[in-house]
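To keep things clear, I will list the structure first and then write my remarks on it.
Treat the numbers as computed from the prediction; the structure is a model and nothing was measured. The figures that follow rest on heavy atoms only: side chains count, while hydrogens, waters and symmetry mates do not.
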Amino acid sequence: MVLFCAGCSSTKQVGPIQAGNWAYAPHHVEIHPLSRFRTPANPQEELMIVVHVEFTDGDGFACRGIGKLSVTITGANGNHMETTSVDLEDQDENRLRFDPVTRTYRVRFNNVNADYARVIAQATFTAKDDKPIRSKLHPIKNNN
């Protein structure tokens, strides 16, 4: 006898959440594992950190968001390094930041000190007239 479960999931699906006129609004925000220190292509460029932020809806599917996205990086010692805010209500900015292949939003931090072995990233998303959704803390290691 062969048993299989199509569509089984270990996460609880909660369905769409009405946000304005859009039912499949972000329910969770996470720092995606693709986040990394990016080595410059030529010696004149500075080291940067690229943080990939993923939104998922109530069923756990990747989705886009309309609202304010804030990404903070801190040093391994807990010292605040930098915060970048992105206006995802701006259609052009939303399109520019969204990577359709990974289905994540990219946030770059330029001119990073090459001495950092690791940083901690956290994202906060706030849809219009809604409570903020905050990701877990996510370490990003410098493999350069």
Side-chain angles (χ1 to χ4, degrees), residues 5-144:
C5 181
C8 290
S9 175
S10 62
T11 59
K12 181 180 176 187
Q13 296 181 335
V14 295
I17 295 171
Q18 190 69 34
N21 292 325
W22 188 29
Y24 290 97
H27 188 263
H28 296 284
V29 60
E30 291 300 327
I31 305 295
H32 194 276
L34 286 174
S35 301
R36 69 196 183 285
F37 281 77
R38 192 181 110 196
T39 306
N42 69 53
Q44 287 77 25
E45 292 180 2
E46 297 286 333
L47 180 69
M48 76 170 55
I49 297 172
V50 180
V51 179
H52 288 260
V53 180
E54 180 180 41
F55 298 152
T56 52
D57 64 19
D59 289 329
F61 294 106
C63 65
R64 294 175 74 167
I66 299 172
K68 306 291 183 192
L69 172 64
S70 176
V71 179
T72 300
I73 56 172
T74 57
N77 59 2
N79 289 340
H80 177 270
M81 292 172 57
E82 190 174 344
T83 298
T84 297
S85 295
V86 181
D87 182 5
L88 296 179
E89 292 178 12
D90 179 315
Q91 293 177 0
D92 293 330
E93 186 72 15
N94 196 308
R95 244 182 249 108
L96 176 72
R97 298 290 184 143
F98 188 74
D99 180 1
V101 175
T102 63
R103 303 206 41 85
T104 62
Y105 286 94
R106 292 179 309 247
V107 179
R108 292 184 174 111
F109 294 88
N110 298 321
N111 303 322
V112 174
N113 186 334
D115 294 337
Y116 292 126
R118 151 182 115 111
V119 297
I120 306 295
Q122 185 172 40
T124 303
F125 175 72
T126 308
K128 188 174 184 178
D129 301 326
D130 208 353
K131 295 182 293 187
I133 304 168
R134 190 164 281 118
S135 74
K136 295 177 184 174
L137 298 174
H138 182 87
I140 302 172
K141 186 177 177 188
N142 185 351
N143 293 318
N144 299 316

Give the intermediate values and the outcome of side-chain contact (heavy atoms from CB on, under 4.5 Å) for residues Arg103 and Phe98. CA-CA 7 Å; Arg103 303 206 41 85; Phe98 188 74; 3.9 Å; yes

side-chain contact (heavy atoms from CB on, under 4.5 Å) assessment of Thr102 paired with His32: CA-CA 9 Å; Thr102 63; His32 194 276; 5.6 Å; no

Start with the C-alpha gap between Val29 and Val53, add the side-chain angles, then the distance that decides, and say whether side-chain contact (heavy atoms from CB on, under 4.5 Å) holds. CA-CA 7 Å; Val29 60; Val53 180; 3.4 Å; yes

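The line from CZ of Arg108 to CG of Asn111 is 13.5 Å long, rounded to the nearest 0.5 Å. The CG atom of Leu96 sits 11.5 Å away from atom OH of Tyr105, with the distance rounded to the nearest 0.5 Å. A distance of 8.0 Å separates OG1 in Thr126 from CZ in Arg134, rounded to the nearest 0.5 Å. Between the OG1 atom of Thr74 and the CG atom of Leu137 there is a distance of 7.0 Å, given to the nearest 0.5 Å. The OG1 atom of Thr104 sits 6.5 Å away from atom CG of Leu34, with the distance rounded to the nearest 0.5 Å.
Closest heavy-atom contact between Thr83 and Thr72: OG1-OG1, 3.0 Å. Nearest approach of Arg106 to Asp99, heavy atoms of both residues: NH1-CB, 3.1 Å. Between Ile31 and Gln122 the shortest heavy-atom distance is CD1-C, 4.1 Å. When all heavy atoms of Arg97 and Val107 are compared, the closest pair comes out as NH1-CA, 3.7 Å. Contact detail for Phe37 and Ile140: the closest heavy-atom pair is CE1-O, 3.4 Å. Contact detail for Glu54 and Ala62: the closest heavy-atom pair is OE2-CB, 4.0 Å.
Asn142 is listed as a side-chain neighbour of Leu47, based on a closest heavy-atom distance under 4.5 Å. Looking at heavy atoms from C-beta onward, Met81 lies in side-chain contact with Tyr116 at the 4.5 angstrom threshold. No side-chain heavy atom of Glu30 sits under 4.5 Å from any side-chain heavy atom of Thr56. Taking 4.5 Å as the limit, every side-chain heavy atom of Glu46 sits out of range of all side-chain heavy atoms of Asn110. The closest side-chain heavy-atom distance from Ile133 to Phe55 is not below 4.5 Å.
No donor-acceptor pair closer than 3.5 Å links the side chain of Asp57 to the backbone N or O of His27. A donor-acceptor contact shorter than 3.5 Å links the side chain of Asn77 to the backbone of Asn79.
The residue from Thr84, Leu88, Asp87 that alone fulfils the side chain to side chain contact (heavy atoms under 4.5 Å, CB included) condition with Leu69 is Leu88.
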